[in-house]
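Reading through the structure tokens given below for one structure.
In this text, all values refer to a predicted model and were calculated from it rather than measured experimentally.
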Amino acid sequence: QLQLVESGGGLVRPGGSLRLSCAASGSGVQNYMLAWFRQAPGKEREGVSCIDSAIHVVNYGAAVKGRFTTSRDNAKNIIYLQMNDLKPEDTAVYYCAAGRNVRQRITNIETMCIIDDFPDWGQGTQVTVSS
């Protein structure tokens, strides 16, 4: 089991940028798939990105592809979510998650890790995009 702590959320104007960080601690962090999910008020939690442990392949949700970038620093056990060109619809609580045996769901518009395969979660950080 990992402990995950997100940081970097805040209020930003449309078109602006933010970078979120997630610090992971526990045994064998390097063996875990790490991911970002988000949940807006009244909506289901959705996948933003997930990054594997070995070769750092990243999958992005269709809503953020081309605007968000996820990277991973295995030496520091941190993953980042660089969010550019933010839109009001990006307003949500953003969560970091970790799992070891993670499946992927492939559709016509995206390949995303399956949320049910992530047992470990951070407390979330609020991102608000508003003028």
Is there a chain of hydrophobic side chains (I, L, V, M, F, W, Y, each step under 4.5 Å between heavy atoms) that links Ile79 to Tyr94?
yes
Quick one: salt bridge (charged side-chain N to carboxylate O under 4.0 Å, His left out) partners of Arg45, sequence neighbours excluded?
none
After noting the C-alpha distance and the side-chain angles of Trp36 and Cys96, does the key distance pass the side-chain contact (heavy atoms from CB on, under 4.5 Å) rule?
CA-CA 5 Å; Trp36 290 99; Cys96 178; 4.2 Å; yes
Atom OG1 in Thr70, atom OH in Tyr60: separation rounded to 0.5 Å?
4.5 Å
Assess whether atom CD of Glu44 is packed by more than 12 heavy atoms of other residues, nucleotides or ligands within 6.0 Å.
no
Counting only N and O atoms by type, is there a donor-acceptor contact under 3.5 Å from the side chain of Gln39 to the main-chain atoms of Ala92?
no
From CE (Met83) to OG (Ser49), nearest 0.5 Å:
10.5 Å
Ile109 versus Lys65, closest heavy-atom pair with distance:
O-NZ, 3.4 Å
If you define the side chain from C-beta out and look only at heavy atoms, does anything of Gln1 sit under 4.5 Å from Pro119?
no
Are more than 12 heavy atoms from other residues, nucleotides or ligands located less than 6.0 Å from atom NZ of Lys76?
no
Spacing of Gln104 atom CD and Asp117 atom CG [to the nearest 0.5 Å]:
10.5 Å
Decide salt bridge (charged side-chain N to carboxylate O under 4.0 Å, His left out) for Arg67 and Asp85; before the verdict, give the C-alpha distance in whole Å, the side-chain angles of both, and the deciding distance to 0.1 Å.
CA-CA 6 Å; Arg67 299 187 297 123; Asp85 189 23; 5.0 Å; no
Within one Ile-Leu-Val-Met-Phe-Trp-Tyr cluster: Val48 and Val58, side-chain cutoff 4.5 Å
yes
Flag yes if Met112 and Ile115 sit in one hydrophobic cluster, no otherwise; membership is Ile, Leu, Val, Met, Phe, Trp, Tyr, and two members link when side-chain heavy atoms are under 4.5 Å apart.
no
Could you grab the distance from atom CG of Asn59 to atom CD of Glu110, nearest 0.5 Å is fine?
9.0 Å
What is the distance from atom CZ of Phe118 to atom SG of Cys113, rounded to the nearest 0.5 Å?
4.5 Å
Can you give me the closest heavy-atom contact between Ala98 and Leu4, atom names plus distance?
N-CD1, 3.7 Å
Would you name the heavy atoms of Glu6 and Thr125 that are closest together and state the gap between them?
CB-CG2, 4.0 Å
Kindly write out the residues that satisfy salt bridge (charged side-chain N to carboxylate O under 4.0 Å, His left out) with Asp120, not counting sequence neighbours, or none if the list is empty.
none
Spatial distance of atom OG (Ser25) from atom CG (Leu2) [nearest 0.5 Å]:
7.0 Å
Does Phe37 form a side-chain contact (heavy atoms from CB on, under 4.5 Å) with Val93? I'd like the steps, not just the answer.
CA-CA 8 Å; Phe37 291 86; Val93 178; over 6 Å; no
Counting only heavy atoms from other residues, nucleotides and ligands, does the tally under 6.0 Å from CG of Asn101 exceed 12?
no
Let me check something: do Ile78 and Leu34 share a hydrophobic cluster, defined by ILVMFWY side-chain heavy atoms less than 4.5 Å apart, either directly or through other members?
no
Test Asp90 against Arg38 for side-chain contact (heavy atoms from CB on, under 4.5 Å), laying out the working first.
CA-CA 9 Å; Asp90 295 317; Arg38 67 183 183 183; 2.8 Å; yes
Look at the aromatic rings of Trp121 and Tyr95 and report parallel, tilted or perpendicular, splitting at 30° and 60°.
perpendicular
Can you see which heavy atom on Gly9 is nearest to which on Leu20, and at what distance?
N-CD2, 3.5 Å
Decide side-chain contact (heavy atoms from CB on, under 4.5 Å) for Thr91 and Gln126; before the verdict, give the C-alpha distance in whole Å, the side-chain angles of both, and the deciding distance to 0.1 Å.
CA-CA 8 Å; Thr91 295; Gln126 176 70 46; 4.0 Å; yes
Which residues pass the side-chain hydrogen bond (donor to acceptor under 3.5 Å, both in side chains) test with Ser17, sequence neighbours left out?
Asn84
Joint hydrophobic cluster, Val64 plus Val12, side-chain heavy atoms closer than 4.5 Å
yes
Under 3.5 Å: donor-acceptor pair, side chain of Arg19, backbone of Gln82:
no
